[in-house]
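The structure under discussion appears below in the form of structure tokens.
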Amino acid sequence: MKRPGTRAARRWTAALAAGASLILAVAAMAQDDRTLREIQKYRQMLQEGNPAELSEARGEELWATPRGPAKATLEQCDLGLGPGKLEGAYAQLPRYFADTGKVQDAESRLVTCMTTLQGLSYADATRGWYKANSDLEFLVTYVAGKSRGAKIEVPATRPEEADMLAVGEALFFRRSGPLDFSCATCHSQEGRRIRLQEVPDFLTSAGARSSMTQWPAYRVSQGAVWTLERRLIDCIRQMRWPEPQYLSDAVVALEVYLQNRASGGVMEAPGIKR
Amino acid sequence: MQHRRRDFLKLLSLMAAAGLLPAGAARAEEWNKAAFGSKKLDELMKLLGAGAPQQSDLVALIGPEIAENGAVVPLEVESKLLDTESIAILIEKNPNILAGIFTIPSGTLPDIQTRVKMAETCNVYALATAGGKRYFAVKEIKVTLGGCGG
Amino acid sequence: MTANRLIALLLGIGTASMVGADGGDAAIERSEQVVRESFAGATPEEWKARLAQDRTQAMCSRYHNAPSTDVAASIVAEALGSIRYPEDGKLLGDWKEGEKLASIGTGGHIGKLQPDPPDRKRGGNCYACHTLAVEEVAAGNLGPSLTHYGKLRGNAPETVKYVYEKIYNAQAYLPCSLMPRFGHNGWLTPKEIADAVAFLLDPESPVNQ
Amino acid sequence: MGNPMKIRTKLDGDVVQVRVLMSHPMETGQRKTPEGELIPQHFIQLVSASYKDRTVLSAQWGAAISRNPYLSFKFQGAAKGEKVKISWVDSKGDSRTDEATIE
């Protein structure tokens with residue numbers, strides 16, 4: 001019983017310190033919750049009127065407008081379910097197409113149709129794909145809208161698709177560049193954010209679905225609808241890598257990987273994003 | 001925020017007391033170039049106001065406390081004042097303060113929604129005119145920095 | 001793990017296609033082929049260099065950031081050996097400069113669509129992943145909260161050294177850490193890292209208020 | 001001129017909520033292209049809505065209204081099957097009118 005006071009005091013100090021940091025932690029969490037709640041409110045208010053609907057309407061018009069040297073419409077375009085069959089087609093892409101011998105996503109396939117059916121050059125078909133109001137922005141938005149309510153279904157069972165799935169997975173984890181980033185850096189843990197922006201965990205189907213059911217999406221920061229290719233290519237740019245080529249296998253392989261994981265999710269695109 | 005609110009009130013009363021403004025400034029037929037070009041709250045009030053403005057619970061400015069992107073900030077303004085004639089939206093720290101004026105004819109409900117750009121975190125004011133008098137609601141909206149690109 | 005592979009690892013000459021004992025080699029080889037084809041337009045040397053993987057990157061990719069004990073040990077050893085210190089030996093810099101770095105998320109973008117001007121300041125973008133000063137609400141949570149970091153841990157020399165090394169090369173303490181190797185990769189200079197250390201540890205810094 | 005608006009209506013009793021999306025860049029005149037050139041100011045200045053011969057809303061906008069503007073308003077005395085007409089005029093004098101049937 002020597003210097004009991006000191007020991008007790010020490011214990012008290014420790015308890016107080018623990019209590020104080022607990023209070024701090026709780027306060028930080030409360031602040032966090034409130035912030036996220038307000039961001040949620042912001043997003044809900046935006047859902048009311050999504051400008052992507054404007055792109056959708058223009059895509060519908062473009063789809064049925066005779067264009068190119070062949071003066072043909074896209075109404076006979078085969079997006080995987082047969083010529084002109086649009087309902088639910090987007091939700092089952094990317095898939096293997098025998099006529100091109102390639103696994104293609106929606107925009108790659110649309111470019112195939114624009115070049116084969118309408119006779120447009122590749123350059124004309126893809127003109128301004130990275131800018132607001134491109135033909136592809138409109139067409140992809142329209143085509144994706146035709147899968148509203150459809151379930152994503154990309155089993156990737158054909159050998160060509162299975163190959164792209166494996167490539168997509170390897171790419172998802174592939175680290176390089178001056179920041180050592182891979183897709184997995186930001187997208188392999190639940191409940192994470194970059195600043196206030198949630199970054200879905202693509203390793204869970206819930207996370208993959210939460211994202212893949214929304215693209216193409218109107219990005220308020222861009223004032224334009226971004227297609228999935230546009231989104232992925234920008235992620236890669238943000239990783240400080242050089243950009244892959246538009247419609248290239250690297251992008252399509254990542255889409256196969258993500259869509260495969262998101263399978264079963266119900267399409268809501270076009271969505272609205274930051 | 002309290003401080004700013006008082007300044008705003010004081011300013012509005014001063015303007016009104018000085019009789020600086022014609023009523024019904026928000027006629028749709030002609031675009032009020034001077035008001036939309038205004039860069040200062042006091043100057044804008046000269047161009048817009050009439051009647052002693054007061055903060056009122058009968059004017060509701062609904063919006064998020066935090067906007068993920070300043071390019072698109074959704075707002076709803078609902079006035080419960082009888083005979084609301086117009087609703088204006090003012091963004092204190094924008095290069096031009098006035099964002100829009102909505103004229104509400106009789107038979108139309110004083111309840112409008114729109115989306116505005118905000119240059120930075122600041123107070124947003126909803127200014128309603130009813131019976132020739134001005135009432136306002138104010139809300140601070142934070143504009144946050146974005147994702148990985150900064 | 002075969003003896004050859006272990007030797008390759010220890011010598012630090014393992015490449016993505018040489019490692020892996022569970023059938024992943026083929027997928028990685030195939031994906032590297034896809035990278036070469038899909039990024040064929042990336043012709044400037046600096047762009048190509050950003051696509052090439054060093055050994056640590058290849059290992060962490062191959063093992064999905066969960067390396068075996070042996071691989072992990074080799075990554076840590078290499079990382080510890082990579083650390084360089086500021087010429088003046090000061091590991092605790094100016095927290096105000098560190099605060100600026102913590103907020104800057106731009107700089108260093110390449111490519112054709114939206115490159116940064118080459119002289120654009122490259123930040124540490126700490127807020128993208130960490131909570132630091134309490135008043136900055138727009139803070140991410142990919143990494144742990146660092147609020148009150150110095151207040152809770154003090155700034156004894158060994159703490160300062162640890163924080164400096166962690167920012168310089170996080171993999172010296174956590175193999176395949178998701179955090180960029182800011183110093184090792186030359187993204188931040190030793191002086192800038194010392195400023196970031198001060199932002200975390202200086203009692204005056206908003207992080208510790 | 002301009003691209004079509006998207007107009008939605010929702011009738012509740014005799015009050016109709018009209019939601020409009022307009023296709024417009026709403027350039028402030030302060031933005032630059034990636035090449036560093038200033039993009040000239042170009043935004044919708046006047047908006048009006050009518051139902052039969054009655055003006056049900058008019059508005060003046062500045063460049064601070066967001067790109068691809070959204071507007072929602074409500075008025076009384078509406079009936080199913082009747083039309084509501086929306087018009088805008090922008091700072092270059094371009095204009096556009098669209099209408100929708102109340103559902």
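As the structure is a computational prediction, the values presented were derived from the model and not from experiment. Chain letters run A, B, ... following the sequence lines, proteins first and then strands; every chain starts at 1. Computed from heavy atoms alone, side chains included, the values below leave out hydrogens, waters and symmetry copies.
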- prompt: CZ/A:Phe138 to CG/D:Asn3 distance, rounded to the nearest 0.5 angstrom?
  reply: 6.5 Å

field: Within 6.0 Å of CZ in A:Phe172, more than 12 heavy atoms from elsewhere
entry: yes

message: Please determine whether the number of non-hydrogen atoms from other residues, nucleotides or ligands lying under 6.0 Å from atom NZ of D:Lys85 exceeds 12.
response: no

task: Check each atom of D:Met26 against the heavy atoms of chain A and say whether the ones under 4.5 Å are side chain, backbone, both or neither.
output: neither

Heavy-atom contacts under 4.5 Å, residues 46-65 of chain A to chain D: A:Glu48, A:Gly49, A:Asn50, A:Pro51, A:Glu53, A:Leu54, A:Ala57, A:Arg58

query: Residues of residues 4-18 of chain D under 4.5 Å from chain A (heavy atom pairs)?
result: D:Pro4, D:Met5, D:Lys6, D:Arg8

